[in-house]
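The sequence lines fix the lettering, A, B, ..., with proteins before strands; numbering per chain opens at 1.
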Amino acid sequence: METTVNRPSMWVDFAGIRLKNPVLTASGTFGYGEEYAEFVDLNMLGGIIVKGVSIKPIQGNPPPRIWETPSGMLNAIGLENPGVDVFISEKLPYLRKFDTAVIVNIFGYSVEDYLAVTERLDSVEGISAIEVNISCPNVKAGGMVFGTDVDASYALLSQVRKRTRLPIIAKLSPNVTDITVFARAAVDAGCDGLSLINTLLGMAIDVRSRRPRLANCTGGLSGPAVRPVAVRMVWQAAKAVNIPIIGMGGIVTGEDALEFILAGATAVAVGTANFINPRASIDVLCGMEAILSQTGAGSVRELIGRVNQA
Amino acid sequence: METTVNRPSMWVDFAGIRLKNPVLTASGTFGYGEEYAEFVDLNMLGGIIVKGVSIKPIQGNPPPRIWETPSGMLNAIGLENPGVDVFISEKLPYLRKFDTAVIVNIFGYSVEDYLAVTERLDSVEGISAIEVNISCPNVKAGGMVFGTDVDASYALLSQVRKRTRLPIIAKLSPNVTDITVFARAAVDAGCDGLSLINTLLGMAIDVRSRRPRLANCTGGLSGPAVRPVAVRMVWQAAKAVNIPIIGMGGIVTGEDALEFILAGATAVAVGTANFINPRASIDVLCGMEAILSQTGAGSVRELIGRVNQA
Amino acid sequence: MNKLYRAEILSNKAVGRGYRRMKLKAEGIGKTAAPGQFVMLRVTRNLDPLLARPFGIFSTVSGNIIEIVYRIVGRGTILLSDAGPGDELFMLGPLGNGFPAVRKNAVPILVSGGSGFPPLYFLASKTRKRAVVLLGAKSEDCLPPKDVIGGFKKLSSQVRIATEDGSAGETGLITDLLADVLERRSMKGEPVVYACGPNAMLCAVSMIAQKAGIECYVSMEERMACGVGACMGCSIHMNMGGYSRACKEGPVFDSREIRWKQP
Amino acid sequence: MNKLYRAEILSNKAVGRGYRRMKLKAEGIGKTAAPGQFVMLRVTRNLDPLLARPFGIFSTVSGNIIEIVYRIVGRGTILLSDAGPGDELFMLGPLGNGFPAVRKNAVPILVSGGSGFPPLYFLASKTRKRAVVLLGAKSEDCLPPKDVIGGFKKLSSQVRIATEDGSAGETGLITDLLADVLERRSMKGEPVVYACGPNAMLCAVSMIAQKAGIECYVSMEERMACGVGACMGCSIHMNMGGYSRACKEGPVFDSREIRWKQP
Ligand SMILES: Cc1cc2nc3c(=O)[nH]c(=O)nc-3n(C[C@H](O)[C@H](O)[C@H](O)COP(=O)(O)OP(=O)(O)OC[C@H]3O[C@@H](n4cnc5c(N)ncnc54)[C@H](O)[C@@H]3O)c2cc1C
Ligand SMILES: Cc1cc2nc3c(=O)[nH]c(=O)nc-3n(C[C@H](O)[C@H](O)[C@H](O)COP(=O)(O)OP(=O)(O)OC[C@H]3O[C@@H](n4cnc5c(N)ncnc54)[C@H](O)[C@@H]3O)c2cc1C
Ligand SMILES: Cc1cc2nc3c(=O)[nH]c(=O)nc-3n(C[C@H](O)[C@H](O)[C@H](O)COP(=O)(O)O)c2cc1C
Ligand SMILES: Cc1cc2nc3c(=O)[nH]c(=O)nc-3n(C[C@H](O)[C@H](O)[C@H](O)COP(=O)(O)O)c2cc1C
Ligand code: FES
Ligand code: FES
C-alpha cells in the first residue's frame with residue numbers, strides 16, 4: 001500500500017494534550033473501552049472519550065431506546081451510567097493500562113451535579129481532559145437546557161472551569177440557531193476546547209401502533225445522515241473561535257474524518273460507526289493516512305481548517 | 001388490493017382550503033408542474049407548491065449546486081426563478097388547467113421584495129394560498145435572516161398578512177433552537193398555516209481538492225436523512241399552535257407521510273423523493289390509503305396529531 | 001471470544017413458511033458458538049439500512065461453518081435474501097450468553113413461539129438429553145419450516161404443536177401445552193424450561209414455570225445497535241432494579257431475574 | 001417522450017479498461033432514443049446512495065432494448081456492476097436533447113475525451129455519413145474498451161487516438177489531433193464537431209472549432225438529481241447570461257452558447 005511509503009505524521013496538539021493521532025471515540029458509543037478492546041488495540045487510538053458519567057448512578061430510560069433511521073439512528077439511552085465513583089474505581093484503572101488519552105465525558109441535572117463530578121475527577125490520575133456534555137437531548141431535567149441557553153451554558157462552564165486544573169472541552173448542542181454564539185460563550189467561560197456535534201433532536205412514529213418508536217418519545221439522531229450538518233457547524237465554529245475542536249457526526253471513513261479536519265477540527269471522534277463496525281476507529285485512522293499520503297501531505301496538521309473557498 | 005375495498009376518505013381542510021387529499025409537492029422540487037406532468041396526473045394531487053418566485057428574475061448560484069449525502073442531498077440552487085410576472089403570464093395558466101390547489105411559494109431579499117410579490121399575486125386568479133419562505137439557507141442577503149430572527153419573522157409576516165386576502169402559510173426554518181417560538185410568532189402575525197421543515201444548513205468538502213462540494217460552500221440538506229428532525233419539529237409545533245401544518249422532510253412512502261400526520265400535520269409535501277421517483281407523490285398517496293384501510297381508519301383526518309405517547 | 005468476520009455465504013435457500021436457511025463460513029466461528037448465542041450481520045455495504053441485524057445461531061455445521069434460519073420481515077432481511085453463495089457479509093459473533101448447560105438430572109422442555117426456534121434447535125442438537133419440544137404459533141404458516149420440525153422430532157422425545165387458530169396441531173396457546181406437560185410430569189427427572197419467542201409469550205411461560213416452581217431460561221429479543229454491550233440500546237428491565245443488556249448479559253436470562261411487564 | 005420504467009437487465013458484462021456494458025429492456029425505449037440523450041438509473045432500492053445516476057445511451061439494440069457502457073468510478077457504479085441479468089432497475093428516459101441531425105453536406109468529426117465516447121458511438125451508428133473519430137485519454141487504460149474502438153473503426157472513415165503519456169496512439173492531447181485534422185481539411189464537405197468528455201477538454205475543443213469557424217456541438221456533464229428539469233441542480237452557464245439545465249435544454253449544446261470558464 002502506498003500509505004506506508006512515506007507515512008504522514010499524525011500527532012496533533014489538542015489544548016496542550018499531545019494526541020498520537022487525531023482519532024478519538026465518541027462518548028457513549030465506545031462504552032469504557034472494554035467492550036471494544038477485543039476488536040481494537042486501544043493503544044492505536046488517539047484517545048477514548050468515555051460514556052458520560054454523573055455524580056450518582058443513573059438507570060437510564062425504559063426500552064425501546066433506539067431506532068434505525070435512513071443512514072442514521074435515534075437513541076434515548078438516558079445517560080445510563082454507574083456513577084463517577086464506580087467509574088473511578090472500576091473503569092478507569094482498566095483504561096489507564098493503555099497508552100491513549102482518556103477524556104471523561106460528564107453531565108448532571110444541576111450545576112451542583114456538574115461541579116461535584118468535576119471535583120471528583122480533578123483529584124484522580126490518568127485523565128487527560130474533561131468533556132462537559134451540555135447538550136444531551138434525552139434528559140428532560142438537565143443537559144439540553146444548558147446547551148440551548150447561552151447564559152446558562154456560560155454560567156455552568158465558567159463554574160466547572162474553576163473546579164479543575166484539567167483541560168475542559170465543552171460539548172455543544174447542534175440544536176441551536178447559531179453555533180458560534182455558544183462556541184464564543186465556551187471560550188469566554190475559559191474552556192480549552194470544543195466538541196461538536198452532539199445528536200440532533202429527532203422523533204419517529206410507528207404508524208400502525210401510533211406510538212413513538214422510542215419509549216422516551218424523542219431521541220438523538222446520529223450517524224452518517226447528520227454529517228453535512230456537523231461539518232457545517234465545525235466550519236462555522238472554527239472560524240469563530242481559536243480553541244481546538246473535536247469534530248464528530250457521522251464519521252465512517254477516513255475521507256469523512258478529513259472533511260472535519262479541513263473544516264477546522266483538530267481531532268475527530270468516531271461514534272455510531274463503531275456499532276456497525278467495531279474496527280471503525282482504526283479504519284478511519286488508516287483511511288486518513290492513506291489519503292494524506294496519496295495527496296502528498298506530510299502531516300495531518302497541515303490540513304486543519306484548510307478548506308479553500310472558491 | 002385491500003385498499004379499494006373501503007377507501008378511506010382523504011380530503012382535508014387546510015386553513016379553509018379544501019384539499020382533495022393531503023399530498024402536496026414541496027416547493028423547488030416539482031418545478032411549476034410541467035416537468036412532472038408526463039409522469040403524474042396532476043389532478044390526483046392535493047396540491048402543488050410551486051418553486052419559489054421573487055419580484056424580479058433570479059439567476060441562482062453557480063454550479064456545482066447539488067451534492068449527494070448519505071440518504072440525502074445538499075442543494076444551493078440560489079432560488080433561480082423567472083420572476084413573478086413570468087410566473088403569472090407563463091406558468092400559472094398551465095397550472096390552472098388542473099383540478100388541484102396551487103400554492104405559490106414566495107421570497108425576497110428585503111421586506112419590500114416580499115410585499116411586492118404578495119401584492120402582485122393577490123390580484124390574480126387561481127391561487128389557493130401563498131407560502132412565505134422565510135427560511136432559505138442559500139441566500140446570503142435574505143431568507144435565513146428572517147427565518148432565524150423571531151422579531152424579523154414576525155415583522156415580515158404581519159406585513160405580508162396586510163397585503164393579501166389569500167391564506168398565507170409561513171415556511172419555517174429548522175435551523176433554530178426552538179421551533180415553537182417561530183410557530184407562535186407566525187400565528188401572532190396572522191398566518192393561516194405553517195410549512196416545515198425547510199432544509200437544514202449543511203456542508204460537504206472534497207478532501208482531495210480541498211474545496212467545498214458546492215460552489216456556494218454551504219447548502220440545504222434534504223431527503224430521508226432529515227426526516228426524524230422534521231417529524232420532531234412538526235410534533236413540537238403542532239402542540240404549540242392551533243393553525244394547520246404542512247409537514248415535510250424526507251417523505252418517500254405513505255408510511256413516512258403518516259408519521260407527519262400523526263405528529264400533527266394536516267397535509268404533507270413530497271420533495272426530494274420526486275427526484276428519485278417522479279411518481280413519488282402518487283406512490284405516497286396510495287401508500288397512505290393502503291395503510292389507512294389496513295388499520296381500519298375511515299379517514300386520514302382521524303389521525304391528525306393522534307400519536308399516543310406511552 | 002467475539003470476532004469480526006467477513007463471512008462467506010455458502011448457501012441461502014428458501015425453506016418454506018417465509019423462512020430462509022443461510023450457511024456462513026468463517027474461520028473458527030463454529031468452535032466456540034454455544035446455543036442461545038447470536039451473530040450480528042450487516043446486510044449492505046452502503047449506509048441504508050445502517051445497523052447490523054441480530055440472528056440466533058441455528059447450528060454449527062463444522063468448526064468454520066454456522067447456519068442461521070431467518071424470516072423475511074423487513075428491509076434488512078429482504079436484502080439478506082438477495083445475497084447469494086460467494087457473497088461476503090460482515091459478521092460479528094458469537095455474541096452474548098447462551099443457555100446454561102443442561103444438567104444431568106434435568107429434562108429440558110424447549111418452548112418456542114413464532115420464530116423463536118433457532119436457538120432452541122441448536123440447544124436440542126447440542127444436549128445429549130432428549131428434550132420435550134413445544135412449538136406454538138398464530139397459525140400453521142407461522143410455524144417453523146417443515147424440515148426444522150422434522151429435525152426437532154429426531155432430536156427430542158416428544159414434539160407438540162399448538163396454533164391459535166387450530167390450523168395445525170392442537171388448538172390453543174403454547175402455554176396450554178406447557179401447563180399440560182408440567183401437570184403430567186410424565187418424564188422422570190427435573191423439568192427445566194428453555195424458551196424463546198415474543199416477550200409476551202416469554203412472560204406467560206415464566207409465570208407458569210414460577211408457579212410450578214421449576215427453572216426457566218428465556219432468550220429475550222430487543223432492538224440492538226452494537227451487539228457488544230457498548231450502546232446501552234438493548235436494555236432489559238431487571239427485578240433487582242435497573243437494566244441489563246440483552247446483547248451482553250443476555251440474550252438468555254433466568255426468567256426470575258426479569259421484571260416482566262404484565263400485559 | 002420521457003418514461004419511467006422498471007427496466008430488466010439482460011446483460012452486464014465487463015468489457016475491459018474498467019468498463020461494463022449493460023443491456024436494458026424496457027417497452028419502447030429504443031424507438032425514441034436519439035444520440036446524445038441519456039437515462040437516469042437508480043442503483044439501489046434503498047436510500048443510500050439516494051440519487052439516480054445519469055448514463056448516455058450507447059446504442060439501441062432494438063425498439064425495446066438499449067445499451068449503456070459505464071465506467072466503475074464510485075459507489076453507484078459499483079452497485080450497478082453487482083446487478084445481474086434478470087434484476088430490475090428503475091430507469092427514466094430517454095432524457096434531454098441530443099445532437100442535431102448530421103446535415104447532408106456535413107462531415108462529422110467525433111471528439112471523445114476519457115469516458116465521453118458512448119453518445120458519440122450512438123451518433124456514429126445512427127448517421128449515414130462516415131465520421132472522423134478522435135479518441136483521447138490520459139493513458140491507454142483510460143481509452144474506450146477495445147471492442148468499442150473496433151466498432152468505431154467499422155463505423156467511421158478514420159479513427160485516431162491520442163494519449164497524453166503516449167502509451168497508445170499518438171502522444172499528446174486530443175486537441176492536437178483535432179487541430180491537425182482541421183488544418184488538412186482532407187475530407188470534402190463541411191466539417192462539424194461533436195464532442196463529449198471532461199469540461200476542460202470540451203472548452204479547448206470549442207475554442208479550436210471557433211477559431212476554425214466551424215460548428216461544434218458539445219455534450220456537457222453536470223451533477224444531476226432529477227434529470228427532468230425540476231431541481232435546477234445541473235445548470236450550465238450560458239453566454240446570453242443565466243443558466244441552462246444540462247438535463248433539459250442539454251446535455252448537448254451548441255458550443256457557442258456556452259460561457260466557458262477558461263482554465
Ligand atoms: C438476539 C436475537 C436473535 C434473533 N434471532 C433471530 C433468528 O434466528 N431468526 C430470525 O428470523 N430473526 C431473529 N431475530 C429477529 C431479527 O433480528 C429481526 O427479524 C431482524 O432484525 C429484522 O430486520 P429487518 O430489517 O428485516 O426488519 P425491520 O423491521 O425493517 O428492522 C428495522 C429495525 O428494527 C430491528 N428489529 C426488527 N425486528 C426485530 C426483532 N424481532 N428483534 C430485534 N430487533 C428487531 C432491526 O434490527 C432494525 O434495526 C433475532 C433478534 C434478536 C435480538
Ligand atoms: C448526461 C450524462 C451522461 C453520462 N454518460 C455516462 C456514460 O455513458 N458512461 C459513464 O461511465 N458515465 C457517464 N456519465 C457519468 C456518470 O453519471 C458518473 O460516472 C456516475 O454518476 C458516477 O456515479 P458513482 O456513484 O459511481 O460515483 P460517485 O462519485 O460516488 O457519485 C457521487 C455523486 O456524484 C455524481 N457524479 C459523479 N461523477 C459524475 C459525472 N462525471 N457526471 C455527473 N455526475 C457525476 C453521481 O451521480 C453522484 O450523485 C454521464 C454523466 C452525465 C451527466
Ligand atoms: C447510543 C449513543 C449514546 C451516546 N451517549 C452520549 C453521552 O453519554 N454523552 C455525550 O456527550 N454524547 C453521547 N452521544 C453522542 C455522540 O457522542 C456523538 O456526539 C454523536 O453520536 C454524533 O456522532 P456520530 O454520528 O458519529 O455518532 C451518544 C450517541 C449515541 C448514538
Ligand atoms: C433542489 C431543492 C430546491 C428547493 N427550493 C425551495 C424553494 O424554492 N423554496 C422553498 O421554500 N423550499 C425549497 N426547498 C425545500 C423543500 O421545499 C423542502 O422544504 C425540503 O427539501 C424538505 O423536504 P424533502 O426532504 O422532502 O426534500 C428546496 C429543496 C430542494 C431539494
Ligand atoms: S446492542 Fe448495544 S448494548 Fe446491546
Ligand atoms: S437534474 Fe434536475 S434540473 Fe437537471
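In plain terms, the two heavy atoms of D/F99 and D/P119 that are nearest each other are CE1-CB, 4.0 Å. B/R227 and B/G250 get closest at one heavy-atom pair: NE-O, 3.2 Å.
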Under 3.5 Å, side-chain donor or acceptor atoms of residues 194-203 of chain D against the rest of the protein: list the pairs with distances, not counting sequence neighbours.
none

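Interface residue B/T29: only backbone heavy atoms are found under 4.5 Å from chain D. For B/P224, the part lying near chain D is the side chain, with the backbone staying farther off; criterion is any non-hydrogen pair under 4.5 Å. For B/Y36, the part lying near chain D is the side chain, with the backbone staying farther off; criterion is any non-hydrogen pair under 4.5 Å. Interface remark: B/P57 contributes no atoms to any contact with chain D (heavy atom separation under 4.5 Å). Heavy atoms closer than 4.5 Å to chain D are found in the side chain of B/N277, but not in its backbone. In this structure, chain B has no heavy atom under 4.5 Å from any part of D/R259. If you measure heavy-atom distances from D/Y243 to chain B, the contacts under 4.5 Å come from both the backbone and the side chain.
Here the straight-line distance linking atom SG of D/C216 with atom CD1 of D/I208 works out to 9.5 Å at 0.5 Å rounding. In this structure, CE in B/M233 is found 11.0 Å from CG in B/N198, a value given to the nearest 0.5 Å. Note that NZ of D/K23 is 8.0 Å distant from CG of D/L10, once rounded to the nearest 0.5 Å.
Within a 6.0 Å sphere centred on NZ of B/K97, other residues, nucleotides and ligands contribute more than 12 heavy atoms.
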Can you list the steps and then say if B/E131 with B/S195 is a side chain to side chain donor-acceptor pair (under 3.5 Å)? CA-CA 8 Å; B/E131 182 183 59; B/S195 277; 2.5 Å; yes
Under the side chain to side chain donor-acceptor pair (under 3.5 Å) rule, what do D/S81 and D/N12 come out as? Steps first, then yes or no, please. CA-CA 7 Å; D/S81 66; D/N12 184 20; over 6 Å; no
Take B/Y32 and B/N81 through the side-chain contact (heavy atoms from CB on, under 4.5 Å) test and state the conclusion after the steps. CA-CA 10 Å; B/Y32 298 104; B/N81 83 94; 3.6 Å; yes
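Counting heavy-atom pairs closer than 4.5 Å to chain D, the top residue among B/Q59, B/R279, B/E68 is B/E68. Most heavy-atom pairs under 4.5 Å with chain B: of the set D/E222, D/M232, D/R223, this distinction falls to D/R223.
Residues of residues 39-71 of chain D lying under 4.5 angstrom from chain B, judged on non-hydrogen atoms, are D/R42, D/L47, D/D48, D/P49, D/L50, D/L51, D/R53 by number.
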